[in-house]
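Reviewing the structure listed below.
Heavy atoms only: backbone and side chains are in, while hydrogens, waters and symmetry mates are out. Chain A is the first sequence line, chain B the second, and so forth, proteins listed ahead of strands; every chain is numbered from 1.
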Amino acid sequence: MSGEQTYLALADFLIPAHGKMPKFSDVCSYADATTALDFRDDLKEGFVRAVAVDAAGGAEPALEKLNREDGPAFSAVTTITIAAYYMNPRVRELIGYPGQENVQYDSKAVQPYLTDGTLTKVIARGRKYRPTPGL
Amino acid sequence: MSVAPKSRPSRDEEVDVVIVGAGPSGSVAALHLARAGVSVVVLEQGEWPDYNDYTGARPEHELVSTKLWHPNPNVRDNPNDYPVDTSTTDINPLMFAGVGGSATLYGAQWMHFLPSDFRVRSMDGVADDWPFTYEDLLPYFLEVEREVGVSGLAGDPAFPPRPAYPFPALPIGSVGQRGALGMERMGWHWWPGSNAIPSEKFGELNACVRRGVCLTGCPEGAKSTTDRSHWPLAIKAGARLVVRARVKEVETNDQGLATGVVYIDANGRERRQRAKIVILCANGVGTPRLLLMSGGAKHPDGLANSSGLVGRRLMMHPFASVLASYEDPLDSWRGPFGQQVYSHEFYETDERRGFVRGSKWNCMPSGGPVGVSGAIGSKVYVAEEGRFQDFWGGNLHDNVARRFGHSLIWGIVGEDLPEENNQVVLSKDLTDSDGLPAPQIVYKVNENSNRLLKFNIDRCLESVRAAGAIETLVSVPVRESGWHLIGTTVMGDDPKRSVVDQWGACHDVPNLYILDASTFPTSGATNPTATIMAVALRNTRRMIAERRNQKVA
């Protein structure tokens with residue numbers, strides 16, 4: 001298996017199709033993973049070791065071996081895989097995530113808790129702090 | 001930013017004051033001293049922030065921030081920071097070196113200490129009272145709030161009466177409403193969050209747009225940090241700021257008075273800044289580290305350490321968190337991240353609970369899909385002994401579907417009591433990028449804290465379930481939670497039992513001051529930045545008023 005084939009096998013085990021959600025390779029490519037890796041130079045060495053693992057016996061035992069014997073490689077491949085997947089626009093659309101968005105609001109609008117009585121109840125329960133003058 | 005720092009002073013120039021650290025306390029001191037006509041130089045080991053580096057508005061945010069903007073300097077691995085030996089601590093200290101200090105990566109939860117926090121010994125029979133009171137400090141709390149641009153709602157019965165905040169409270173969002181619902185159903189205290197994030201434009205600060213990435217640097221320039229709130233004004237007033245200047249030693253003369261500091265500049269050259277007064281604002285780890293590195297052969301145990309208390313009594317606020325998921329959507333990636341609502345229901349001592357002192361809770365959004373998956377990044381909710389398959393495959397999809405957009409986090413800050421064995425020492429093995437000894441943290445979470453956190457977690461679970469939680473995940477104590485670095489050069493009247501007096505002046509070196517949270521006798525249970533800046537302002541004002549009486553070299 002090439003490094004690319006090994007990686008996609010590992011990634012599809014980590015993120016399979018499930019309900020409405022696609023598996024990793026349905027929406028992301030190896031190139032997407034390497035693009036993500038460019039944001040994290042610190043993970044590159046581990047990633048290279050991870051995709052060199054012998055996955056001929058299946059992705060799960062290969063990942064078990066990485067997790068057991070090479071934590072940094074396991075961390076690198078899982079971090080890049082989950083980040084690339086949830087950066088994908090199709091995946092974000094499916095889970096309803098617009099990203100960390102800008103939300104406009106009126107700072108002077110009267111908040112509901114001021115008019116619906118909820119904060120009045122908090123005040124009615126009385127003082128919570130212990131005063132100290134004289135101590 | 002439109003303001004550029006001025007150049008460093010000329011060689012051998014003696015200034016009135018040199019300040020070590022351009023974080024919250026150093027910035028307050030620099031601004032007010034400069035405005036009073038005092039010549040001030042501030043040495044900061046980090047850089048000015050570049051807001052283009054804050055990735056919160058970009059798709060790669062969750063990937064990048066877990067490294068570049070991680071609050072633990074050992075993870076960030078930035079040469080401007082110093083590493084910390086954490087082999088002997090239950091909790092990792094978190095900090096950031098740069099203009100604005102560790103607040104660069106804070107959640108901006110703004111809450112000053114309460115009256116009882118200054119009278120712990122008198123009221124609860126433990127730890128120590130402060131040399132001054134809540135009432136003494138209140139005018140400075142209010143003045144600093146106006147400088148910082150705090151948003152909030154006055155009238156909270158958990159605080160003594162106070163005037164309105166400078167700006168209206170930020171929207172509490174669906175997350176805050178759900179958090180409040182649980183508290184209301186339990187009949188417990190809650191209140192809309194107060195945050196160092198203006199809801200309207202204020203000076204160099206933009207209005208918050210609820211981007212929700214406060215903890216990893218605000219790309220909007222809305223979270224109040226002193227690079228925007230104080231430094232433009234301080235530089236205009238004449239303060240000079242030297243970045244990438246790592247101080248290695250405070251120097252003293254034969255009379256035991258401070259004469260200045262030695263630092264390593266951006267090019268690795270050793271320089272000396274002479275000054276009539278030296279002020280340390282390097283946080284509860286950096287300040288004792290610098291004192292322990294200073295003093296030379298005359299003070300082998302460190303400068304200003306005749307009490308033996310430099311580095312001791314470290315408090316870091318053991319922290320717990322409860323993530324709760326709900327069936328209905330909460331848009332839980334939206335900010336503010338700091339605190340949408342908070343609770344002081346269990347802030348004050350009730351000895352029937354089996355511990356003294358108390359806690360503050362803050363309700364936050366849970367963030368993006370990677371973070372809530374539990375698979376990587378924040379390992380807060382991942383059991384060390386767990387199988388990786390528990391977080392991957394179909395489980396990953398199920399966990400994200402259940403939590404993402406549907407969950408909130410209650411953070412529980414518990415008061416940490418001072419213990420002399422919890423301390424900062426110099427590492428024998430680890431050094432920073434200039435070869436200076438790194439700090440080593442020796443810290444154990446004490447039994448009072450363990451009981452406090454257990455009690456509060458149990459109550460928190462009751463609250464979130466009362467609001468309909470379908471899943472809860474608890475983390476305690478969170479190892480990566482040492483945001484609040486307090487107590488390591490304690491203030492007091494007795495030179496045998498304290499390092500500085502109530503004005504921050506070292507008993508042993510009267511023209512050496514400490515204005516950060518190192519001086520706090522106790523830690524309260526609130527986020528300390530508001531109190532740090534208020535104490536810094538109080539003591540700076542005193543320094544200005546008494547400058548003609550100040551003993552100098």
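Contacts of B:Glu345 with chain A are made by both backbone and side-chain atoms, with heavy-atom separations under 4.5 Å. Residue B:Leu68: no heavy atom, backbone or side chain, is found under 4.5 Å from chain A. Contact annotation for B:Leu114: only side-chain heavy atoms (C-beta onward) come within less than 4.5 Å of a heavy atom of chain A. Using a 4.5 Å cut-off between heavy atoms, B:Ser151 makes no contact with chain A at all. Residue A:Leu63 touches chain B through both its backbone and its side chain, counting heavy-atom pairs closer than 4.5 Å.
Between B:Arg211 and A:Glu101, no side-chain nitrogen of the basic residue sits less than 4.0 Å from a carboxylate oxygen of the acidic one, so the salt-bridge criterion is not met. Using a cutoff of 4.0 Å between basic side-chain nitrogens and carboxylate oxygens, A:Arg130 and B:Asp117 are not scored as salt-bridged.
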Could you walk me through whether B:Glu200 and A:Lys108 pass the side-chain contact (heavy atoms from CB on, under 4.5 Å) test, one step at a time? CA-CA 9 Å; B:Glu200 299 170 7; A:Lys108 293 187 169 54; 2.9 Å; yes

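The candidate with the highest count of non-hydrogen atom pairs below 4.5 Å against chain A, out of B:Phe118, B:Phe159, B:Tyr134, is B:Phe159.
The CG atom of A:Leu119 lies 8.5 Å from the CD atom of B:Glu184; values are rounded to the nearest 0.5 Å. Here B:Ser343 contributes atom OG and A:Lys128 contributes atom NZ; the two are 7.5 Å apart, rounded to the nearest 0.5 Å.
Between B:Trp333 and A:Tyr97, the angle of the ring planes goes over 60°, which puts this pair in the perpendicular group of the 30/60° scheme.
When all heavy atoms of A:Tyr105 and B:Val209 are compared, the closest pair comes out as CE2-CA, 4.4 Å.
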